[in-house]
Amino acid sequence: MEFRVRYAPSPTGFQHIGGVRTALFNYFAAKSNGGSFILRVEDTDRERYSTAYLDDLYQTLTWLGISWDEGPIKGGPCGPYIQSERLEIYQKYAKQLVDEGKAYYCYCSPERLEEVRKKQEESKSEYQGYDRHCRSLTEEERAEYERQGIKPVIRLKVPTEGKTTFHDIIMGDITRKNKDVSPDPVLLKSDGYPTYHLANVVDDHLMGITHIMRAQEWIPSGPLHILLYQAFGWEPPVYCHLPMVMGKDGKKLSKRHGSTSVKDFRDKGYLPETIINYVTLVGWALDGEREIFSKEDLEKCFKIENIHKAPGVFDYKKLDWFNGYYIRQKSDEELAQLIKPYLESAGFKADEEKLISLAHAAKERMKTLSDIVSLSSFLFEDVPVADKSLYVAKGSDDEKTLSALKRGSEIFISSLERGEAEEKIEEALLELSKELEIKVNGVFQPLRVAITNSQISLPLFDSVRLLGMDETKRRIKRAISFLEEK
RNA sequence: GGUUCCUUCGUCUAACGGUUAGGACGGGAGAUUCUCAGUCUCUAAAUAGGGGUUCGAUUCCCCUAGGAACUACCA
């Protein structure tokens, strides 16, 4: 049997970590099983829908390099893959259930439903949900409502007796008493749009989905979906409920935990490799040892059996570590292209050659691509350090610092102009430090602060190379006269 | 409240019922280099609690505790 899975997001928000993780698991399961990955847009919530979110969905998947075998834009044999373009299908199937006595029209107003809900809350009733008022309407009552022009919804007749069980590959059997299943949920809304439950079941069946991999938050509606499959007389697919991604406090990951949309991470300068690798590792492991996986690796070795049961906490620190790792893996040329837009948006301009040597110097110091801005700002803005004590290294003093800067810069600059090797210059500066009876850093620090306007910087030789000799000399001269001031 | 699910270092996780319970991030210590990073070495850190089953339980069963999700004409 062919292995067919789908990712079926609702464009009611930007793609977030949880959603993307579901997409990734589906995609990798499809690839490693030689199956198909289908993308389906569940845009039945017209209130929250926005094309910006739909664009974000396509952009995010494209950025990650996740392509779909069937779906919007690309097409396929089971299209259309956008639910708002399939309305007649759902309406037809909903009517079919009504005709067969498995569903019914409901004319209750939102106000009445609200009232029912309020009463249940007040009476602290065990029973929650719709009171099935319209389930037993007579033909006359129905005709009367129709005459009033009330647009009905269609609700499923959920059995009140018995229980429903479904099997989940990672969770095992999950059983729920029918009386505890959502009481007669809406299948078709009064605006003619289907609800998630109807559209989902109908499409999964029509599109030949064999495995449903979705977040564990859907477990409670599992039995309901089984009941729907039974009502239609269809064979349900295999279920696989994925553990959820949580924030530090153990609650469902949300904005208050920090960035959660992939767009945010992309903007900050996280690489797609990072997102793919780390996100897959929340709730999945190959053998517990290996942790570095490329997309291509996962397309081969991802196994559904290795998915964990328990929810996992999203660790921003570990994400940073992965990002730093993948940045270090880039060639200088690749990294130069990646940092370019960040410099540009900071108003920093650099030619290709400079970008490459900047990438080289900064590579090991970056956690995100946006770090390049603070790392390189000394090249583009000149804000001298105005606190003399910051020029003084540990174990040195004002006087020694000044002479270290004067004599050190002389050695430094003349050697550089003679084109001497870095090691030789370092040696010469080491000599000077011995003579002044301070540590090497007592010589390097004043130079560093003078040249890079900061105590923390890229390596000095790299900094000078990037800055240029003229500017370097100017800044040193300025620092010397600043330190000479009383 | 009701229903369902979950439980190994702080976090992500590994361990056909038999291991000194392993790895990674983060933490701590040290080495290296001009600072910061990076790299290398070392280190602390866990089977939620209680009962069973078994020669032997992280692993199987039960109870307790804790946590989570769901409970819409949202998905």
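Proteins get letters first, then strands, A, B, ... in listed order; numbering begins at 1 in each.
- One finds a side-chain N or O of A:H308 lying less than 4.0 angstrom from the OP1 or OP2 phosphate oxygen of B:A14.
- For the pair A:K177 and A:P459, both in contact range of RNA chain B, the more 5′-proximal nearest nucleotide belongs to A:K177.
- Pair assignment for B:G26 gives none, since no Watson-Crick or G-U wobble pairing has each distance under 3.5 Å.
- For A:K151, no side-chain nitrogen or oxygen approaches OP1 or OP2 of B:C73 to under 4.0 Å.
- Figure legend. B:C34 is base-paired to no nucleotide; pairs are counted as Watson-Crick or G-U wobble with both atom distances under 3.5 Å.
- For A:K309 and B:C6, the shortest distance from a side-chain N or O to OP1 or OP2 is below 4.0 Å.
- For A:Q216 and B:C70, the CD to P distance is 11 Å, given to the nearest whole Å.
- Taking only side-chain nitrogens and oxygens, A:T44 comes nearer than 4.0 Å to OP1 or OP2 of B:A75.
- Contact between the side-chain N/O atoms of A:R328 and the OP1/OP2 oxygens of B:U39 is found at a separation under 4.0 Å.
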task: Dump the intermediate steps for side-chain hydrogen bond (donor to acceptor under 3.5 Å, both in side chains) on A:S259 and A:K268, then the final yes or no.
output: CA-CA 10 Å; A:S259 298; A:K268 278 188 191 156; 2.7 Å; yes
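- Nucleotide B:C9 has no partner under the Watson-Crick or G-U criteria, as no pair reaches both atom distances under 3.5 Å.
- Contacts between residues 408-415 of chain A and RNA chain B, defined by a heavy-atom separation under 4.0 Å, are absent.
- As the counterpart of B:G1, B:U71 is assigned, both hydrogen-bonding distances of the Watson-Crick or G-U wobble pattern falling under 3.5 Å.
- Under the ring pair (Phe, Tyr, Trp, His ring centres under 6.0 Å) rule, A:F293 has a single partner from A:W284, A:F28, A:Y278, which is A:W284.
- In this entry B:A44 has no Watson-Crick or G-U wobble partner, no candidate having both defining distances under 3.5 Å.
- Contact between A:L458 and A:S463 at its shortest, heavy atoms only, is O-OG, 3.2 Å.
- The distance between atom OH of A:Y391 and atom P of B:U35, rounded to the nearest whole Å, is 19 Å.
- Under the Watson-Crick or G-U wobble criterion, with both distances below 3.5 Å, B:U20 has no partner in any strand shown.
- The nucleotide B:U54 finds no pairing partner, because no Watson-Crick or G-U wobble arrangement with both distances shorter than 3.5 Å includes it.
- Mapping A:D173 and A:Y196 onto RNA chain B by nearest heavy atom places A:D173 closer to the 5' end of the strand.
- Put simply, A:K251 has a side-chain N or O that comes within less than 4.0 Å of OP1 or OP2 on B:A68.
- The six-membered or imidazole ring of A:W321 lies away from that of A:Y326, with a centre-to-centre distance of 6.0 Å or more.
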